[in-house]
Amino acid sequence: MALAPERRCRPTAVRGALMSVVLDTAEVPSADRAAYWHEAVSHTFIPLDVALLESAPAPATITSHRLGALQVSLVRAGPQRVERGAGLIARGGEDHLTLALQHHGTARLVQGGHQVELRPGTFAISDAGRPFAKELPEPFVFTAFHWPRSAAGVSEEDLRVLTATAFDTGDDTGDDTGDDTARLVAAYLECLSRSAGSMEPQQASRLATTALDLLVALAHERRGRSVPEAPEAALATLARVKDHILRHGAHWAVS
């Protein structure tokens, strides 16, 4: 029988930097991969039902870093469907939110009567306190940003405009049709995830807090409220990210 995820994780670290945790099914017998992956996903995020949509599950990985209140996980896997119903909500994790930034493949998220389609360059947020389902019909790669709702001071009104909404950055086609603020938020998050393995804990915590402030600013904008009502840190970062993108493009280093 395959070992549980916590027994098969592979921690790695760079001197002075944050440790990464890798969950990998490559060495798990094919017959055990579905069960192992189900446990790996629920262990990393929240209790979920996971159904693989391929007869012979391909190897899959989750590479995670802890940045203050924010967990950043790069997920690579084959077609699957995940669901979270009332029974699983009762088992815990209901106070968490997860933002998935799609890099490869497509996904369909259903929550609160809304259905959104995700393609590379888009992101969406799911609320663990309400039932949802997500289907990924082809091999995929995405980065998940997972945090407790209390860490960002997100209101019920903010949740209504943030969850089950596809935020389009326009990056997959290289055009300019995406949401400007969403593009800035995605650029910051992507750079944060790429730098996660080389940050020192204090720096990581500070930058993660700023990322959550940016999401609050995005919610305020979507609600039609003036962005200056958002936290000062978010406003400063919005200006800095925009300046970096204008001068250097989206691939700037978080500092």
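As the structure is a prediction and not an experimental result, all values here were calculated from the model.
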Inset, instruction - Scan side-chain atoms only and decide if His103 and Thr143 contain a donor-acceptor pair under the 3.5 Å cut-off. - result: yes

Legend entry - Minimum heavy-atom distance Glu83-Ala133, with the two atoms named: CG-CB, 3.9 Å

Legend entry - NZ/NE/NH1/NH2 to OD/OE distance under 4.0 Å, Glu190 and Arg194: yes

Legend entry - Inter-residue atom distance Ile62.CD1 - His43.NE2, 0.5 Å rounding: 9.5 Å

Legend entry - Cation-aromatic face contact Lys134/Phe142, 6.0 Å, 45 degrees: yes

Legend entry - Pairwise side-chain contact, Phe145 with Ser193, heavy-atom cut-off 4.5 Å (strictly under): yes

Inset, instruction - May I ask you to decide whether Arg119 forms a salt bridge with Glu117, counting only side-chain N to carboxylate O separations under 4.0 Å? - result: no

Legend entry - Cluster link Leu212 to Leu207, ILVMFWY, side chain under 4.5 Å: yes

Inset, instruction - Please go through Val110's hydrophobic cluster and name the other residues, only I, L, V, M, F, W, Y counting, with side-chain heavy atoms under 4.5 Å joining them. - result: none

Inset, instruction - Would you check if there is a donor-acceptor pair between the side chains of Gln111 and Thr163 at a distance under 3.5 Å? - result: no

Legend entry - Atom pair CZ/CG of Phe132 and Asp127 - distance to nearest 0.5 Å: 8.5 Å

Inset, instruction - Using a 4.5 Å cut-off on heavy atoms from C-beta on, say whether the side chain of His146 contacts that of Val72. - result: no

Legend entry - Exercise: identify the closest heavy-atom pair between Ala69 and Pro148: O-CD, 3.4 Å

Inset, instruction - To the nearest 0.5 Å, tell me how far Thr210 OG1 sits from Leu70 CG. - result: 11.0 Å

Inset, instruction - Hey, could you give me the CZ/CD distance between Arg108 and Glu135, rounded to the nearest 0.5 Å? - result: 5.5 Å

Inset, instruction - Would you mind reporting whether Met199 and Leu192 have side-chain heavy atoms less than 4.5 Å apart? - result: yes

Inset, instruction - Please name all residues satisfying side-chain contact (heavy atoms from CB on, under 4.5 Å) with Val161, sequence neighbours left out, ordered by chain then number. - result: Ala219, Arg222, Arg223

Legend entry - Side chain proximity check, Ile89 to Arg91, heavy atoms < 4.5 angstrom: no

Legend entry - Side-chain (Arg84) to main-chain (Arg130) donor-acceptor, under 3.5 angstrom: no

Legend entry - For the student: nearest non-hydrogen atoms of Ala128 and Gly93, plus distance: CB-O, 3.1 Å

Legend entry - Spacing of Thr98 atom OG1 and Gln71 atom CD [to the nearest 0.5 Å]: 8.5 Å

Legend entry - Which atom of Ala152 lies closest to which atom of Val216, heavy atoms considered: O-CG2, 3.2 Å

What donor-acceptor contacts under 3.5 angstrom involve side-chain atoms of residues 44-61, with partners at least two apart or in another chain?
unit_1	atom_1	unit_2	atom_2	d
Thr44	OG1	Ala40	O	2.8
Glu54	OE2	Ala58	N	3.1

Inset, instruction - Considering non-hydrogen atoms only, spot the tightest contact between Pro120 and Gly105 and give its length. - result: CD-O, 3.3 Å

Inset, instruction - Evaluate the side-chain proximity of Phe167 to Thr122: yes if any heavy-atom separation is below 4.5 Å, no if none is. - result: no

Inset, instruction - Find the distance between CZ (Arg149) and NE2 (His96) and round it off to the nearest 0.5 Å. - result: 12.5 Å

Inset, instruction - Report whether Leu97 and Leu118 are members of the same hydrophobic cluster (ILVMFWY, side-chain heavy atoms less than 4.5 Å apart, transitive linking). - result: no

Legend entry - Ser42 side chain to Glu39 backbone, donor-acceptor under 3.5 Å: no

Legend entry - Beyond-backbone contact of Trp147 with Leu215, side-chain heavy atoms, under 4.5 angstrom: yes

Inset, instruction - Taking Thr25 for its side chain and Val28 for its backbone only, find out whether a donor-acceptor pair lies under 3.5 Å. - result: no

Legend entry - Cluster link Phe123 to Val141, ILVMFWY, side chain under 4.5 Å: no

Inset, instruction - Identify whether Leu162 and Leu189 are in the same connected component of the hydrophobic contact network (ILVMFWY, side-chain heavy atoms under 4.5 Å). - result: yes

Inset, instruction - Taking the side chain as every heavy atom from C-beta outward, state whether Leu67 and His65 have any atom pair closer than 4.5 Å. - result: yes

Legend entry - Validation row: Phe140, Gln80 side chains within 4.5 angstrom (heavy atoms): yes

Legend entry - Hydrophobic cluster membership, Val185 vs Leu74, 4.5 Å side-chain cutoff: no

